[in-house]
Amino acid sequence: MYKKYLLCLMLFFLYKASYGQADWTLKSAKSGLNIYTKTVSSSGLKGIRVKCTLPAKLSQIVALIMDVNTGEEWVYGTKSSFLLKKVSPSELYYYSEVDIPWPISNRDFIAHLTVSQDPQTKVVTINGPTEANYLPVKPSIVRVSHSVGKWVLTPTKNNLVQIDYTLEVDPGGTIPVWLVNLFATSGPAETFKKMKEQVKKAQYVNANLSFIDNG
């Protein structure tokens with residue numbers, strides 16, 4: 001159980017960009033899901049990159065990612081996830097808490113999600129930097145103050161979307177870096193497996209987003 005929850009820590013903070021493709025090393029390639037890692041700090045903390053293709057429309061995937069109140073259903077290890085403020089259909093703030101067994105304190109974060117689409121290529125980019133000071137820190141929960149990540153969604157033929165997701169996050173507190181890194185490839189595998197099923201739900205298949213052109 002201890003390992004089960006620790007393996008997800010590198011995935012939960014889905015938000016703002018970090019690319020450096022030359023340094024990515026392939027760690028896992030199973031069932032069409034490729035997971036890469038690279039060292040991103042002097043402490044040895046690793047970034048992750050996930051690449052896969054889903055049979056879906058752009059609007060389906062964007063609707064799922066922006067439906068932050070359902071994070072507990074598919075983002076591995078999420079204890080709670082809920083909307084704080086909807087600025088517009090393509091911009092919001094939300095809160096999430098990551099459930100970790102005692103004696104390690106749970107982590108939480110506030111993310112600012114924004115969606116943009118290139119009008120020519122139809123490629124969708126979702127950024128979401130953490131906003132550590134948006135809410136007061138809760139007792140006994142460690143606030144994640146640094147997280148950078150990016151979703152890049154590229155439509156292809158036959159209603160397929162290529163997903164390229166990158167993430168760097170410092171979970172803070174006393175979790176050993178080597179232990180977080182050890183399970184950096186397993187957490188994404190669990191979440192993307194659930195994502196493939198979640199995106200098939202009717203509310204996403206039938207989503208009509210005014211700011212997304214499916215091409």
Would you please test T25 and K38 for side-chain contact (heavy atoms from CB on, under 4.5 Å) and show each step?
CA-CA 6 Å; T25 300; K38 71 171 182 177; 6.0 Å; no
What do the steps show when you test I48 against T37 for side-chain contact (heavy atoms from CB on, under 4.5 Å), and what is the final call?
CA-CA 4 Å; I48 62 169; T37 65; 4.3 Å; yes
Carefully, step by step, assess K85 and E131 under the rule salt bridge (Lys or Arg N to Asp or Glu O under 4.0 Å).
CA-CA 13 Å; K85 180 180 180 181; E131 299 283 354; over 6 Å; no
Walk me through it: do S88 and K86 pass the test side-chain contact (heavy atoms from CB on, under 4.5 Å)?
CA-CA 6 Å; S88 72; K86 187 172 184 179; over 6 Å; no
Given L84 and L135, is the side-chain contact (heavy atoms from CB on, under 4.5 Å) satisfied, shown in steps?
CA-CA 10 Å; L84 293 172; L135 293 175; 4.0 Å; yes
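Other residues, nucleotides and ligands contribute over 12 non-hydrogen atoms within 6.0 Å of the NZ atom of K122. At most 12 non-hydrogen atoms from other residues, nucleotides or ligands lie less than 6.0 angstrom from NZ of K79.
Clustering ILVMFWY residues whenever any of their side-chain heavy atoms sit less than 4.5 angstrom apart, transitively, puts L160 in a cluster other than the one holding M195. Linking ILVMFWY side-chain heavy atoms closer than 4.5 Å, directly or via other members, places V137 and Y93 in two distinct hydrophobic clusters. At a threshold of 4.5 Å between side-chain heavy atoms, the hydrophobic network of Ile, Leu, Val, Met, Phe, Trp and Tyr places F211 and I65 in one connected group. No continuous path of hydrophobic side-chain contacts links V142 to I110 [ILVMFWY only; heavy atoms under 4.5 Å].
Counting only distance, with no hydrogens or angles, the side chain of R143 and the backbone of P136 share a donor-acceptor pair below 3.5 Å. In this structure, S81 contributes its side chain and V68 its backbone to a donor-acceptor pair below 3.5 Å. With hydrogens and angles disregarded, no donor-acceptor distance shorter than 3.5 Å links the side chain of E97 to the backbone of N106. Judged by distance alone, the side chain of N214 and the main-chain N or O of S59 form a donor-acceptor pair under 3.5 Å. No donor-acceptor pair under 3.5 Å is formed between the side chain of R107 and the backbone N or O of V144.
In this structure, V161 and Q60 have side chains that are not in contact, with every pair of non-hydrogen atoms separated by 4.5 Å or more. At a threshold of 4.5 Å between non-hydrogen side-chain atoms, the residues K138 and Y95 count as touching. At a threshold of 4.5 Å between non-hydrogen side-chain atoms, the residues E190 and P188 do not count as touching. V115 places a side-chain heavy atom less than 4.5 Å from the side chain of I212. Looking at K57 and N159, their side chains come closer than 4.5 Å, going by heavy atoms from C-beta outward. Counting heavy atoms from C-beta on, the side chains of I163 and L54 come closer than 4.5 Å.
Salt bridge present: K200 and E197 bring a charged side-chain N and a carboxylate O closer than 4.0 Å.
Ring geometry for W151 versus F192: interplanar angle of 30 to 60°, hence tilted.
The residue from V75, T70, T191 that alone fulfils the side chain to side chain contact (heavy atoms under 4.5 Å, CB included) condition with Q198 is T70. I61 pairs with exactly one of V124, I126, L153 by the side chain to side chain contact (heavy atoms under 4.5 Å, CB included) rule, that one being L153.
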